[in-house]
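Here is the structure we will look at, set down as structure tokens.
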2 protein chains.
Amino acid sequence: MGARNRPSSEPRVPLSRERVLRAAVAIADEGGVRALTMRRLAEQVGAEAMSLYHHVANKEDVLDGTVDLLIGEINEVVDRFDPPAEPADWKKAVRRRVLAAREILLRHRWAPALFETRSAVSPQVLRYHDGLIGLMRAGGFSHDLCHHALHALGSRALGFAQELFDPSGAGGGEESVAELEAMAERFPHLVGMLAEVAHDDPDSTLGWCDDQAEFEFGLDIILDGLDRLREAG
Amino acid sequence: MGARNRPSSEPRVPLSRERVLRAAVAIADEGGVRALTMRRLAEQVGAEAMSLYHHVANKEDVLDGTVDLLIGEINEVVDRFDPPAEPADWKKAVRRRVLAAREILLRHRWAPALFETRSAVSPQVLRYHDGLIGLMRAGGFSHDLCHHALHALGSRALGFAQELFDPSGAGGGEESVAELEAMAERFPHLVGMLAEVAHDDPDSTLGWCDDQAEFEFGLDIILDGLDRLREAG
DNA sequence: GGTCGTGACCTTACTCTGTAAGATCGCGGC
DNA sequence: GCCGCGATCTTACAGAGTAAGGTCACGACC
């Protein structure tokens, strides 16, 4: 069944690695990586599971490919950015790139976790990092400091970092007073902090934080620290 | 088969959540999370797969449990640390904890990737972070700055961060001269940096870095940045 | 001591996964 | 008209998680 007795009226767009990978991203966007199975992927492109293997080596290849595709999207965007007017603007330029990457990855929440499971280095990731090094070099970094910088940034360079408390997780804000008191006994500092932070921000419930602000806070600490090292170096 | 006609001479140690989780860690240590299946886990504890379900809810629960177990190990170690002699020593104390956590996690390479897939917050993780906040509070941090600090540290707080280039991945150092030249054309800054960094360290091949040093470099940038903010704040 | 409930454990079976092997289909070149 | 060949589909299999129900040992009660 499926495409067996295909009416000749439907022209059948041919499969391709590109089309398969785009479909994979679409499926993951909708249902997470868990939903991305070869059969589901085949269905999405109007084919049978085994037909996919003429365009991708296996499922690992699909996962590698989707990562590459997404970073490629990021590269397309950041490549259009103007180079910094002054060398000293390296920090602004790097910051802008990272935040652009983050913006794209936020549309694919499943991607960061997937990235960390890839062992093969994607060419697009290499290209992205190459661009960052270029900016830092122009800003006065030694090669050595560039190298350290990439390590210091880690996944933050690509616009993500493990979010501390995921609000989508275990029931948000349904804690009873008794449960909260029990928590306060076991984790006094944590509950104290959350009580105060939540008070400052009335929208905030236990475990909710402004991801974007926190991300930028961490990013700025690192960039500022690197800038100081560069000046001293 | 299996435990069916068990001779009464063998006393049969009873299953328990604890024993199952410890076995799970052992299997993952040996063969990675991929090797951790319910059947393999049952075999390890001398039972049948379905018997495990009397002690754990399902496989997700096993994974959650192993995470909790490992962080519990970390907490046992860091809880024995003396509190800092002077408030200003918060940085040393936090640094010491993080590096202790890292040391333990380095013995379970599969764990970091697993952590990032857990949505439920482990009580042991809460306890660990609670301790960090305690140190920072004693060192003069506002609750707000503690909060930012945890976000800035991210997974680094627990002693890991995505390693940039995994040397175990795609063939280390077998690049031909032609391939290297092709790479240099596509990624000039990256290849330039690696050439120089590798030159400084003759042990280093393309893609190899001193993880521990890089980790501490990044950690120190963040801790120094936080210290400056605390003083200014 | 018999019996009976209760859980720990095992057996079987089902659905879903990735993918190997081979059949079939359709189109371009002779 | 025929052939060759690559793209596609069909079938099948091993291994995953786990639902449903059977079995068996042990402690509580009469």
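To find a chain, count down the sequence lines: A is the first, B the second, and so on, and within it residues start at 1.
- One can place CD of E48(B) at 15 Å from P of dC24(D), the figure rounded to the nearest angstrom.
- Between A49(B) and Y53(A), it is A49(B) whose nearest contact on DNA chain C lies nearer the 5' terminus.
- A ring-centre distance under 6.0 Å is not found for H143(B) and H147(B).
- Interface remark: the R39(A) side chain does form a donor-acceptor pair with the dT19(C) base, using a distance-only criterion of under 3.5 Å.
- As rounded to whole Å, 12 Å separates atom P of dT19(C) from atom CG of L41(A).
- Note: NE2 (H55(A)) to C1' (dC9(D)) measures 12 Å, nearest angstrom.
- Residues satisfying the salt bridge (Lys or Arg N to Asp or Glu O under 4.0 Å) criterion with R109(A), sequence neighbours excluded, are absent altogether.
- Partners of H55(A) under the ring-ring contact (aromatic ring centres under 6.0 Å, His included) rule, at least two apart in sequence or in another chain, do not exist in this structure.
- Among the heavy atoms of the strands lying under 4.0 Å from T37(B) are primed sugar atoms or P, OP1, OP2 only; no base atom is included.
- Spacing between atom CZ of R34(A) and atom P of dG18(C) amounts to 11 Å, rounded to whole angstrom units.
- At dA8(C), none of the side-chain N or O atoms of S51(B) fall inside 4.0 Å of OP1 or OP2 (strictly under the cut-off).
- Partners of F115(A) by ring-ring contact (aromatic ring centres under 6.0 Å, His included), not counting sequence neighbours, listed by chain and number: F160(A).
- Using modelled atom types, no side-chain atom of R102(A) and backbone atom of L158(A) make a donor-acceptor pair closer than 3.5 Å.
- Identified under the side-chain hydrogen bond (donor to acceptor under 3.5 Å, both in side chains) test for residues 33-42 of chain A, with sequence neighbours left out: R40(A)-Q44(A).
- Residues satisfying the salt bridge (Lys or Arg N to Asp or Glu O under 4.0 Å) test with E116(B), not counting sequence neighbours, are none.
- Rounded to whole angstrom, the span from the CE atom of M38(A) across to the P atom of dT11(D) amounts to 19 Å.
- For Y128(B), there are no ring-ring contact (aromatic ring centres under 6.0 Å, His included) partners, not counting sequence neighbours.
- Between the CD atom of E43(B) and the P atom of dA16(D) there is a distance of 10 Å, rounded to whole Å.
- Listed by chain and number, the residues in a salt bridge (Lys or Arg N to Asp or Glu O under 4.0 Å) with D61(B) are R17(B) (sequence neighbours excluded).
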Anything under 3.5 Å between a protein N or O and an N or O of nucleotides 21-23 of chain D, put it in a table, one pair a line.
none

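- Shown for residues 57-70 of chain A: residues whose heavy atoms fall under 4.0 angstrom of DNA chain C, namely N58(A), K59(A).
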